[in-house]
Every structure is written in C-alpha cells, then in structure tokens.
Amino acid sequence: MSTPPQSETGRFEWSELDRRTVDVARALAVDAVEAAGHGHPGTAMSLAPAAYLLFQRLLRHDPADPRWAGRDRFVLSCGHSSLTLYNQLYLSGYGLELDDIKALRTADSLTPAHPEYGHTPGVETTTGPLGQGLANGVGMAMAARRERGLFDPGAAPGTSPFDHTVWVFASDGDLEEGISHEASSLAGHQKLGNLVVLHDDNHISIEDDTQIAQSEDIAARYRAYGWHVQQVDWTATGSYVEDVEALHTALAAARAETDRPSLVALRTVIGWPSPGKQNTGKIHGAALGAAEAAATKAALGLDPELSFQVPADVLAHARRVGERARVARAEWDKRERDWRAAHPGRAAEFDRLSARELPPGWEESLPVFAPGTSVATRKASGEVLSALAGVLPELWGGSADLAESNNTTMAGEPSFIPEELSTEAFTGHRYGRTLHFGIREHAMGAILNGIALHGGTRPYGGTFLVFSDYMRPAVRLAAMMKLPVTYVWTHDSIGLGEDGPTHQPVEHLWALRLIPGLDVVRPADANETAAVWAALLRRTDRPAGLCLSRQNLPVLDRSPESDIASAAGAARGGYVLAEATGGEPEVLLLATGSEVHIALDARRILQRDGIPTRVVSLPCLEWFAEQSQEYRDRVLPPRTRARVSVEAGSVLGWYALVGEAGHTVGLDHFGASASGAALYERYGLTAERVAAAARVSAARAAGRS
C-alpha cells in the first residue's frame, strides 16, 4: 500500500505546501484553458484537492513506471476535465512538463483535449464520451478479480500481488448517461469491492444547473444497486470549506470496503474560487477570460499578472510522491518475488499473458468440422470457444443474456459471479470464467474495453448483430485504443427469419466496416469460422466483430479431391474459394458468410452454360485490404471486370470492389417476418438471380450494354 498521509502520531496532516500545490493546480487549469482559448477549467479547479489527495496519498502508483503491474488503476471518466489528470501527472513526475500543460489541446501535444490511451504516460483509457470511463473501470475491476483467480486464488485478502484498487472520478454527466446505470448495476451485482468511484457532485453541466434535467437521488440509486455509499459535503457549513480530511477518511473507508463497490459523492462548487463564474455553467466549458482569470489567481494568493506559476518548492514537494512510490514498490516487489518462488508455473503463465503471446501448439485444439454436415456458424463458434478453453486461460467472456443464442458459454466453465448468486442454470464463483452481462449491451462493450485495458486476459462478448447499435460508442473506442476485444454478433442477416425486421440487420455490416480499425469478420462455414477465430486471436492490436449465422450452413468439402480451397485462406480476409474451370475466369462472384453458398450455386449454373466463373470468399475486407497488391490482384484480377457481390445486407460499399461494370446483389431495405428461406427467395438472394446479374455484368464489361 502507499505510504499513509498521517504523521508519526497517526493524525491526518495537510500542510501549507499541500494547500499551495492544490492552488497551483487550479491556476494551471485556468491558464492552460486561457492559452488554448477553449477547454474545461471549472471541474479541474474544484477537483484539484481530490485529485492531489488521491495521487499523493491513496493511489498506489509509480510515476517512473506508468505500466507497473502492481499499480492501482485511475480512470478520469469525466474526460472533458482532462486537466484534472494532466496536472497531477505533471506534478507527480510522469514525464509531463510545464510546456506540455501550456500546449493543452494543440497539435501533437501530450495534452490533447481528452485523455488518450497510449498517447500520454499515466492515461489508462481514452475518455470523453461520458459514462464510458466509469464502465471501463467496472471492466478493470472484473479483470483484476479474474486475474487473481487465475494466479493467486488462495491468498488471504490484501496479501496478493494481484490485489489493487480501481479508482474512478465521475461527473454528474457520467451518471446521467444510460451506460452508467447499466455498468453500475452490474458492478453492484458482482460485488466488486476493488472499485471506488468519486462522484463530483457539483450540480452543474453545460446547461448550467442540472436541476433543469435531473432530480433523482443519486446516492439512493447507488444504494439500491448494492453499493457502499458515502457523502462528503464541502458546502454543509453554509460556506465553502474544502474538508480534505473528511474526504480522505471517506476514500480510505471506501478502499477498505472489499465486499461491494463504493461511491463517494463529493459536493463541490465548480470553478471555486473564481469570484464571478464559480457555480455556473459558464465555467464548465469555456475560458474564464483575462479579467476573471486574474481575479481568480489573486483569490488564490498568486500574482494575477503571471501565468503558469509553479514555485520550485511546490513542484519539489509534489514530486516527493516518487519516494513514496519507491517504498510501495519495494513492498510489492517482495510480495511478487515470494509469489513467483512459490508458483513458478503460474508465474510463467502470467508472463505469457502479460506479453499477449499464445502458447505453442494452441491451434491443434481447434475443431475440424466434417463436410456433408450442416452447422450454423454461431454453433461452430461456440465449439471453437469450448475447444480453446483448456489451452487459452486468458480467453473469457459471455453474452448480454443471449448465451444459448450466441453460443458464448465454454462447455463446463463456471460463471463469474459471487457464489451466493449462482442459479440453477448457471453456477460459479467469484473467479469464474463465463460472464453474464444481462441485457446491457452498451455497458458490455465498455466493460470489455476495461478488461482489455487492464491487461492480461482477453475478453469477448455476444449479442445479436442488430444490437451492435447499442454498443457502437464502446466499439468505436475499442478501435481507437487498438484493444484486442472480440464481439460475437450472431443472427447476422434476414436468415434469422421469423423474428422479423426489428431483429434483422440490414445496414449493420457496412456501418461497422466504416469504423477505422475494426475488423468485421463474416465466415462462410464452420471451418472458416475456426480459421477466422485463429486469425483474430493472433492479432493483439485491434478489435474484431464476428458476424455469425443463426441458420445452418453446409460444411464445405475442402478435401484435395474437391474444387473448394482450404479454409486457411480465410486468415487473409479474402481468397479464391472455387476456381473457374475451362479457362481464365470471365466472371468473379464475391461473397461473405451465408451468401457464399449462393455464389457457389450460381457458379455451377454459369459453368454449366460455359462461363468460367471464380468464387471469392471475403470473410474480412479489412484483412484483405492489408494484403499486398500482388496478392489482391491474383484474387481479383483487374482484367476481369465482370463481377457480382452477394451479401444479405446493404450494398453500399461493394461498388469499390465490383467496379463500374459490376453488379451488386443485396438488400437495401428492411426485411419482414417470415422464414429465412422465404425471405431469401422474396428478395432475390438466389443463385438464379446472381447468375443473371453475372451475365449483365459480363455484357457491361464487354461493352454490349
């Protein structure tokens, strides 16, 4: 643990230097936003005492090694108040200097408008979209518990090198966003005693007093979730008194509460001590202006004519946190050495997971599906997960209450749940493996991000493809942060049938492909499903969405005697599945997922009529785009201009691949309530229509139309 903030007598101490350092942080927030001309100074001003207290006295961290495995995690969910974090990173000695604070919100600076993961040392996650960071914190807390269960389950509480706390600062806006309700509810249900959230209860948002839009009792809401709730009110005396000792007492009590997550609601006055703008929406998201900035600095006892004032004794005092970090790290290092000596096998596995390396021979566990059978790709995916359970302990996940539909439950694996909450259908324990997100897709996406950000384990989460819409903000952030998260999105087309248009995705494949850095993967049969699972698990720098069929699909005969290529080609995102016979291909049929089989049937029609036709399976356009131009030209020869794309969804993006002579077969309208087979027939997703489209495209390519 970090060195406590008490003196030798055990009493809490808050020195004049501590007070001055906090005031310097406030003034830096004022000056940085003034210099940029825009930003969010108010919350950084009023949260400065809480942030300084946390970084100096409670947070276990090492400014010299921001990625230290033994650290606590800190998440600034209210990312608009980035200076709350940047100022503490600078004062603590994370490598940020005063020039970085001066460069706030400027090109290529270490201090962008919102904290960005992987860009600034000490930033644990990208925040800004409100509520996401809080949900990330829930994921981090879950990952920490899972990691302890994998590597040190028998240790007494508080004695393991895997015991640490996840701290979150959240604003009123974070707690208004719906995702916070989802994530906080699940955190309470999971009894995540390693999670502490400080709610900056300042009653102000951009539209000024939050009473205009919100009136619920937030503390009561969190008590109803099952959280440990405390309230610290710095306005309770009728004047504003920053009782730092009361806040420290509450935060220390929250950290000590290990049976449930904790919320500390801190009543602050935003922008204090700005004489003219404190406690107003004007200071939330705009510069104070020269006159008000000067008046604020004067109120702080600083020179109103100077900017970015950091006295040497203040900086030296703040950076003494490095000395406390060295003490805490020495204690933790001994604890880790003892653990490694006692558990060398677990230590080796921990090192492998930390490096995101796969064990030798893991692919030998992948199932092989027999040709001639018929298997939904969602079911094949479930069999892959169960087969990998024994060789990849880092892989874990579950579903948003759709386990039987998504096939996300590894066979025989216990649920991740407090033992007393097991059910007849799902039993488990606190260190279990199968996640139950409940009907909370948005929180699921952000929690998966938090698990990946924590490090070590590798998460997946499932729902229907159509409900990826509920997850999109979190998916976008996963792509931005390059996190190895896997989404198991099933029921991927009108092929799901009778559930009707509300559940039938149409625009989703291309909408998701528009997210930079997200791999959208739609395998054609069971063996392609195994191949793409293997391919995405080899990648550690990007999320992937597996789009899987509800309906059974034929398992293709890929034996040497057949004319169908090995599923191994799926790892390249696109490959020649069936070659043209009787000469160079005159027509290319491009297809994904369940429509690959339609393309193969269309090829038989065209080949019968003497038209040499190649079928290209394109399970992942992003992976295909990564291949060399020479490979892509081999698969899609530029000279073959007659092309048809086949996909049961929007055709929006296919024109780039089929070209001006090409034709698209798809669906640019909503579906209907009928069987999948009937809908494919009704909307022309048939081999006959594809063959007819190929003839039209061939005529165009020949200049006959």
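Remember, it's a predicted structure, so these values are computed and weren't measured experimentally. Just so you know, residue 1 is the first one in the sequence shown, and it goes up from there.
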- Could you walk me through whether R337 and D333 pass salt bridge (charged side-chain N to carboxylate O under 4.0 Å, His left out), step by step? CA-CA 6 Å; R337 284 195 303 271; D333 285 347; 5.1 Å; no
- Is the closest basic N to carboxylate O distance between E242 and R26 below 4.0 Å? yes
- Which value, rounded to the nearest 0.5 Å, describes the distance between L85 atom CG and T120 atom OG1? 8.0 Å
- Message: Would you compute the distance between atom CG of L150 and atom CH2 of W396 and round it to the nearest 0.5 angstrom?
- Response: 8.5 Å
- For D172 and T210, test the side chains for any donor-to-acceptor distance below 3.5 angstrom and give the result as yes or no. no
- State whether a side-chain donor-acceptor pair under 3.5 Å links S274 with E292. yes
- Message: Could you check whether Y90 and D100, counting side-chain N and O atoms only, form a donor-acceptor pair closer than 3.5 Å?
- Response: no
- Message: Determine whether E176 and L130 satisfy the following criterion, side-chain contact (heavy atoms from CB on, under 4.5 Å), listing intermediate values before the conclusion.
- Response: CA-CA 9 Å; E176 286 181 34; L130 292 173; over 6 Å; no
- Task: Decide yes or no for Y117 and M480: does some side-chain heavy atom of the first lie under 4.5 Å from some side-chain heavy atom of the second?
- Result: no
- With a 3.5 Å cut-off and no angle check, do the side chains of D200 and T268 form a donor-acceptor pair? yes
- Message: Between the side chains of E394 and R146, is the shortest nitrogen-to-carboxylate-oxygen separation below 4.0 Å, so that they form an ion pair?
- Response: no
- Item | Separation of S354 OG from E147 CD (nearest 0.5 Å) | 6.5 Å
- Query: Which atom names give the shortest non-hydrogen contact between T159 and R335, and what distance separates them?
  - Reply: O-CD, 2.9 Å
- Under 3.5 Å, is there a donor-acceptor pair between the H248 and R57 side chains? no
- Item | Under 3.5 Å donor-acceptor, W227 side chain and R260 backbone | no
- Message: I'd like to know if the side chain of Y222 reaches the main chain of V229, judged simply by a donor and an acceptor atom lying under 3.5 Å from each other, with no hydrogens or angles considered.
- Response: no
- Any P418 side-chain heavy atom under 4.5 Å of Q190 side chain: yes
- Non-hydrogen atoms of A156 and D163 that approach each other most closely: O-OD2, 4.1 Å
- Item | salt bridge (charged side-chain N to carboxylate O under 4.0 Å, His left out) between R430 and E420, intermediate numbers included | CA-CA 10 Å; R430 282 167 168 77; E420 61 273 22; 3.3 Å; yes
- Message: Checking side-chain polar atoms at under 3.5 Å, does D259 have a donor or acceptor matched by the opposite partner on H228?
- Response: no
- Task: Work out which heavy atom in L83 is nearest to a heavy atom in A44; give both atom names and the distance.
- Result: CB-CB, 3.9 Å
- Please say whether more than 12 non-hydrogen atoms of neighbouring residues, nucleotides or ligands are located less than 6.0 Å from CD in E216. yes
- Query: Is R346 close to P153 at the side-chain level, that is, under 4.5 Å between some pair of heavy atoms?
  - Reply: yes
- Message: Counting C-beta onward and ignoring hydrogens, is there a side-chain heavy-atom pair between P161 and D152 closer than 4.5 Å?
- Response: yes
- Item | Any donor-acceptor pair under 3.5 Å from T127 side chain to S77 backbone | no
- Task: Tell me yes or no: between the side chains of D208 and H284, is some donor less than 3.5 Å from an acceptor?
- Result: no
- Query: Got a donor-acceptor contact below 3.5 angstrom from the N87 side chain to the A25 backbone?
  - Reply: yes
- Message: Taking E349 first and then R352, would you say they form a salt bridge - that is, a charged N and a carboxylate O separated by under 4.0 Å?
- Response: yes
- Message: Any heavy-atom pair between the side chains of L89 and V123 that's under 4.5 Å?
- Response: yes
- Contact check, side chains of L435 and I451, non-hydrogen atoms, under 4.5 Å: yes
- Message: Could you check whether any side-chain N or O of Y86 sits under 3.5 Å from a backbone N or O of P112, counting only pairs where one atom can act as donor and the other as acceptor?
- Response: yes
- Message: Treating D31 as the side-chain partner and F308 as the backbone partner, does any N or O pair qualify as donor plus acceptor under 3.5 Å?
- Response: yes
- Value for CG (L251) from CG (L58), rounded to nearest 0.5 Å, stands at 6.0 Å
- Query: Of all heavy-atom pairs between G149 and Y431, which one has the smallest distance, and what is that distance?
  - Reply: CA-CG, 3.3 Å
- Kindly indicate, with the supporting measurements, whether the criterion side-chain contact (heavy atoms from CB on, under 4.5 Å) is fulfilled by T540 and R458. CA-CA 9 Å; T540 61; R458 186 141 182 192; 4.2 Å; yes
- Task: Mark yes or no for whether D174, through its side chain, and S171, through its backbone, hold a donor-acceptor pair below 3.5 Å.
- Result: yes
- Task: State whether the side chain of S185 and the backbone N or O of H181 hold a donor-acceptor pair below 3.5 Å, judged by distance alone.
- Result: no
- Indicate yes or no: does K102 engage E34 in a salt bridge with an N to O separation below 4.0 Å. no
- Query: Is there a side-chain contact between L306 and L302, using heavy atoms and a 4.5 Å cut-off?
  - Reply: no
- Query: Roughly how far, to the nearest 0.5 Å, is CD of E97 from OG1 of T111?
  - Reply: 12.0 Å
- Determine, for R356 against D541, whether the closest basic-nitrogen to carboxylate-oxygen distance falls under 4.0 angstrom. no
- Message: One pair to check against side-chain contact (heavy atoms from CB on, under 4.5 Å): L198 and L47. What are the steps and the verdict?
- Response: CA-CA 10 Å; L198 183 146; L47 271 185; 4.0 Å; yes
- Under 6.0 Å between ring centres, would you say that holds for W234 and W272? no
- Message: Under a plain distance cut-off of 3.5 Å, with no hydrogens placed, do D18 and S15 share a side-chain donor-acceptor pair?
- Response: yes
- Check the side chains of Q56 and R320 for a donor-acceptor pair under 3.5 angstrom, ignoring hydrogens and angles. no
- Query: Can you name the nearest heavy-atom pair linking A293 to V30, along with the distance?
  - Reply: CB-CG1, 3.5 Å
- Examine F55 together with W167 and report whether their ring centres are nearer than 6.0 Å. no
- Closest heavy-atom contact between A286 and V33? C-CG1, 4.2 Å
- Query: Distance-only, no hydrogens or angles: does the S82 side chain make a donor-acceptor pair with backbone N or O of A113 under 3.5 Å?
  - Reply: yes
- Query: Side chains of L76 and C78: closer than 4.5 Å at any heavy-atom pair?
  - Reply: yes
- Message: Under the criterion salt bridge (charged side-chain N to carboxylate O under 4.0 Å, His left out), I'd like the reasoning laid out for E331 against R60: C-alpha separation, chi angles, the key distance, then a yes or no.
- Response: CA-CA 11 Å; E331 295 172 355; R60 188 171 70 191; over 6 Å; no
- Task: Output yes when a side-chain donor or acceptor of K297 lies under 3.5 Å from a complementary backbone atom of A27, and no otherwise.
- Result: no
- Message: My understanding is that only one of H61, R71, R148, H454 makes a side-chain hydrogen bond (donor to acceptor under 3.5 Å, both in side chains) with H164; could you say which?
- Response: H454
- Message: How long is the straight-line distance from OG1 of T84 back to CG of L54, given to the nearest 0.5 Å?
- Response: 11.5 Å
- If you draw a 6.0 Å radius around CD in E16, do more than 12 non-hydrogen atoms from other residues or ligands fall strictly inside? yes
- Query: Run the side-chain contact (heavy atoms from CB on, under 4.5 Å) check on L175 and L134 step by step: do they pass?
  - Reply: CA-CA 9 Å; L175 301 192; L134 192 158; 3.5 Å; yes
